[in-house]
Amino acid sequence: MGSLKKVFNPHEVEEKWYSFWQESNFFTAHTDSEQPSFCIVIPPPNVTGSLHMGHALNATLQDIITRWKKMSGFNVLWLPGTDHAGIATQNVVEKELSKEGLDRYKIGRDEFIKRVWKWKDLYGGKIIHQLKKLGCACDWSRERFTLDEGLSKAVREVFVRLFEEGLLYRDNRLINWCPRCHTALSELEVEYEEIEGSLYLIKYPLKDKDKYIIVATTRPETMLGDTAVAVHPDDNRYSHLIGQLVQLPLTNRKIKIIAEPSVDPAFGTGALKVTPAHDFNDEAIAKRHGLPSISVIAEDGRMNDNAGEDYKGLNRYECRKKVVADLTKLGLLLDVKKHSHSVGHCYRCKTVIEPILSIQWYVSINSLASEAVKAVKEGDIRLIPEIWNNNYFAWMKDIRDWCISRQIWWGHQIPVWYCPECRMPDGKSQGDMIEHIFYVPLTLKDNESISSGTYSQLISIGMEHNDIIKKSKIIRIPKDVIPLSQKHDLQECPSCGSRNIIRDPDVLDTWFSSALWPFSTLGWPDKTDDLRKFYPTNVLVTGFDILFFWVARMIMMGLKFMKDVPFKDVYIHALVRDLKGHKMSKSKGNVIDPLVMIDQYGADAFRFCLAAFAAQGRDVRFSEKRVEGYRHFINKLWNASRFIVEYSEFKTDRMISEYSDNELDLFSKWILSRLAATIKEVNRDIEAYRFNDAASSIYQFVWHEFCDWYIETTKHVLYKGSKKDKEAVVDCLYYTVKNILLLLHPFMPFVTEDIWHEVSDSNSSIMLEPYPLKIKSYPQAESEMNYFIDAVSGIRHIRGELNISPSAEIKANIKTLSSRPLRVLNDNLHAIMKLTRCNDIKIADDISRSEDSAISIKNEMEIYVPLGGLLDVKSEINRLSKEIAKVESEISFVNKKLMNEDFLKNAPTDIIEKERGKIDLLIEKGKKIQESIQILKTI
RNA sequence: AGGCGCGUAGCUCAGUGGGAGAGCGCUUCCUUGACGCGGAAGAGGUCAGGGGUUCAAUCCCCCUCGCGCCUACCA
């Protein structure tokens, strides 16, 4: 033990203690431990990102639970890791390439993936290691990555088993396509945003050349793919036209007018153009009416051959301009109105989504979802706060099959192969059906160039199998081609033995691998010790924004493959917003960097602030001022500890429990009792994920009970007491501070560890100490302490209100109205004098008031402060008059109640008794003050 | 459009069927032997508005207004 420095400096200790913990392996969970297990898997952050406030809050809460459970005797595993974030990571590396004038096609798939790994090793996973700055007790020896070998094995296992059970299928549907990322997205990956656009009214000529039907659209360029015009069957304006053909302008197609009840006659003109290949509603209409789909926009967002010679090759927006111009020339554009509507954007790159038709892999979700609903309904999984249950159920009810294939390279490549040499059931060669589109057109021997062809064609012109695969930018494999899937890479076609097989080029949605996170990270599919010990995990701590993306899918996969829930509790915390309540985002420029907060105020203050903000069911509006406030709290704790350490020479080896009741003074028993209450509350609140309540209980106890009252009352003993009295008080001070540090450790790991080494005899870490659980209470001391506090506050109140300088020594007389306050106050006379700066206090039951006194009426006592010439009679009368007004209004309020017969009839007796007791005291108090005013008036 | 949540001190937020609390800010005073990142004493609120249930409503129910979020739709 040394002594604490004058000022606490977070920077000096944070790194020191973190590496101490890590080197001592305190974060490591033990497979052979006898202790009960407790496990949290971290929501794996995106490997491309850097730490933001959301991560900081999320990690702080997990760390609080982790440290609390460790100290409470559990073998805790907090398992960290990152997710490979397919699209995001691929985007980052593609941007890098484009700076070098390259793209992924130029360097090829293998080279590209090597590049991404290299990037990942250099810059990836920054977030997860930034958590160390926060003090997180993650078991780094078990850190995982969704693309590492083990997790890839788990993905492969899951895919193949779902495939074999028939829960995976390919289908040709309209999907959300990002023309920039060049991939399909699931519906969850599309963000809708309100856009100020235009509504174009376009005349479609009827067979009777002078007449038109007018359609309304926000996307005129899609008219090139129209295959019908739909009107409501009961719409009188149009019912006579149903069944007629219209000439689709800018094309030479004629399309039919159909009756469709889903059309809203009140919207636009009541006539809807139907473009099944580029609109989800239109696709549904087309299905009902057997309409063809004509795709006019290609994967790169440009118009394709079907759009016609004039438009082919233009991008969507250029085409829109030209279509509008051409319609205007033809006199077919009737009007353009302003119109705001919501438009889907890619959640990664914010490009406007294009619905296009394509073949994708889907997970058949219904059977998985119904199990996942059951788990929450039957309470095997608790969502906390419960308010999320409804959201969860609603989403699960409307859940659609999950599109899991992505047309990118960074990720788990789908373990499916197709054999071009086999024949389909109808006898056609599969190779005739598989179409290859090249990155760059190939020049053949006779100088002809080709940009695409079927597999069979390309083979017939002499291309090698591997060459075809390598040069293909897109491989179109029709739905009917038979997919082959197995755990180990397929080397040859199991039916024809051909080695020229084609692997599905797509990769899986990143969330597919994160869905397995709670068991894949523990070693599944191998039957590992970790898996046995830590699955199911105990709690998942996460934000609501990924409840569907991730939590729901983990529940489905856990139930399916582990036959058990992945976690018992899901604690859903708030989003961190800025002071105005807006989401923090780089584009808004309102981001607060957690690392800056740590740098400025220290990790402990920052963490405590996050915990204090984490009230259930409410968003966090982050305020830097509050971090500062908690930095002051740490300073307070630090200085309280410094004070105690000064008296370390009086510390004995006695345990506090070895002190008998009469060896401890009132204040010591009181603070121990308050500590007992705080310990109880903090444990209860952390258990219930009420982190803010736990934090404020400790704050209140440390500052306003321990520092404000206990330390102050020990001073007269420490300055003037006997050795024996000092020992008792110092032992109690040490005991309380040590318990405060233990209670605070999960919230403020660094400063508590630092002080611990000064105040405890042990050289090891506070992390290894047991968390305070239950200690003795002293209810009598708590109630007696109130007399003391009343006496001190009464005198201070008079001082403050009458503006008597704190340095002026005064006298006080206290008349007690019963024996208890008489005894309590007399026993602690010196402490009262010290805290009120009185040089003389008389306490008795027969004190009479002197004329020149200021007074204060408290429970069972009357306090007189004789002031002689110092008494400003006028302001004292003023003060007492204010007080009497307050008392009188209270009396009339309580009286009204007690006069009410219904109240007396219906209210519980304890409430009635309370009111009766109140009124007697109030009347007595009023009388006393009144008398006092009278006396003052005579002066 | 539907759902959820919120509206409490100047600001950021707790909270409860029996006359409301914290932090910061504000006012006055204080170089009191842990701490001015401190101490003492204060000011400040018809708990968004209206109606209902109840002996009693800030809290429960209904409506209105304002704000936020989610889901769906938006030709």
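Lettering of chains follows the sequences in order, A, B, ..., and the numbering in each one begins at 1. Everything numeric in this text was worked out from a predicted model, so none of it was measured.
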Exercise. Verify the stacking flag for A:Y719 against B:G33: centroid separation must be under 5.5 angstrom and the ring planes must differ by under 30 degrees.
Key: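 Aromatic stack with B:G33 present for A:Y719.
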
Give a yes/no on whether any side-chain N or O of [X] is located under 4.0 angstrom from OP1 or OP2 of [N].
{"X": "A:H797", "N": "B:A40", "result": "no"}
{"X": "A:K715", "N": "B:A34", "result": "yes"}
{"X": "A:W703", "N": "B:G39", "result": "yes"}
{"X": "A:H704", "N": "B:G23", "result": "yes"}
{"X": "A:N906", "N": "B:C55", "result": "yes"}

With rounding to the closest Å, how many angstrom separate the [atom1] atoms on [N] and [M]?
{"N": "B:U27", "M": "B:G33", "atom1": "C1'", "result": "29 Å"}
{"N": "B:G10", "M": "B:C47", "atom1": "P", "result": "12 Å"}
{"N": "B:G19", "M": "B:A56", "atom1": "C1'", "result": "11 Å"}
{"N": "B:G17", "M": "B:C59", "atom1": "P", "result": "11 Å"}

Exercise. Go through the N and O atoms of the side chain of A:E712 and the base of B:A34, and report whether any donor-acceptor pair is under 3.5 Å.
Key: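 Between B:A34 and A:E712, which were checked side chain against base, a qualifying N/O pair under 3.5 Å is present.
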
Quiz item: Between the base of B:C35 and the side chain of A:K636, is there any donor-acceptor pair under 3.5 Å?
Solution: yes

Consider the side chain of [X], meaning its heavy atoms from C-beta on, and name the nucleotide among [options] that approaches it most closely.
{"X": "A:I387", "options": "B:C4, B:A41, B:C35", "value": "B:C4"}
{"X": "A:R642", "options": "B:C35, B:C37, B:U32", "value": "B:C35"}
{"X": "A:F544", "options": "B:C69, B:U12, B:G19", "value": "B:C69"}
{"X": "A:E801", "options": "B:C70, B:C37, B:G42", "value": "B:G42"}
{"X": "A:K834", "options": "B:C55, B:C37, B:G33", "value": "B:G33"}
{"X": "A:A640", "options": "B:A41, B:A34, B:U28", "value": "B:A34"}
{"X": "A:P908", "options": "B:C37, B:C29, B:G18", "value": "B:G18"}
{"X": "A:D708", "options": "B:C29, B:A40, B:G18", "value": "B:A40"}

Practice problem: Anything under 30° is parallel, anything over 60° is perpendicular, the rest tilted; go ahead and classify A:F267 against A:H339. | Solution: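 Perpendicular: the ring planes of A:F267 and A:H339 meet at over 60°.
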
Quiz item: Angle class for the A:Y347/A:F549 ring planes (parallel below 30°, perpendicular above 60°, tilted otherwise)?
Solution: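 It falls in the parallel class, under 30°.
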
Quiz item: ring pair (Phe, Tyr, Trp, His ring centres under 6.0 Å) with A:F548: which of A:Y392, A:W395, A:W388?
Solution: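 Result for ring pair (Phe, Tyr, Trp, His ring centres under 6.0 Å) with A:F548: A:W395.
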
Send over the distance from [X] [atom1] to [N] [atom2], rounded to a whole Å.
{"X": "A:N895", "N": "B:G19", "atom1": "CG", "atom2": "P", "value": "16 Å"}
{"X": "A:D264", "N": "B:A1", "atom1": "CG", "atom2": "P", "value": "14 Å"}
{"X": "A:Y392", "N": "B:C4", "atom1": "OH", "atom2": "C1'", "value": "18 Å"}
{"X": "A:E386", "N": "B:G5", "atom1": "CD", "atom2": "P", "value": "12 Å"}

Exercise. Please figure out whether A:K625 or A:S641 has its closest RNA chain B nucleotide nearer the 5' end.
Key: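 Looking at the nearest nucleotide for each, A:K625 comes out on the 5' side.
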
Practice problem: On RNA chain B, check which nucleotide each of A:K882 and A:R626 is closest to and give me the residue with the more 5' one. | Solution: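 So the residue in question is A:R626.
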
Self-check item: Residues A:D902, A:K905: salt bridge by 4.0 Å N-O rule
Solution: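 Counted as a salt bridge, because a side-chain N and a carboxylate O are separated by less than 4.0 Å.
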
Quiz prompt | Straight-line distance of A:H341 NE2 to A:S198 OG, nearest 0.5 Å | solution = 8.0 Å

Quiz item: Is it true that atom CD of A:E901 has more than 12 heavy atoms of other residues, nucleotides or ligands lying nearer than 6.0 Å?
Solution: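 Check fails, neighbour count at 12 or below.
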
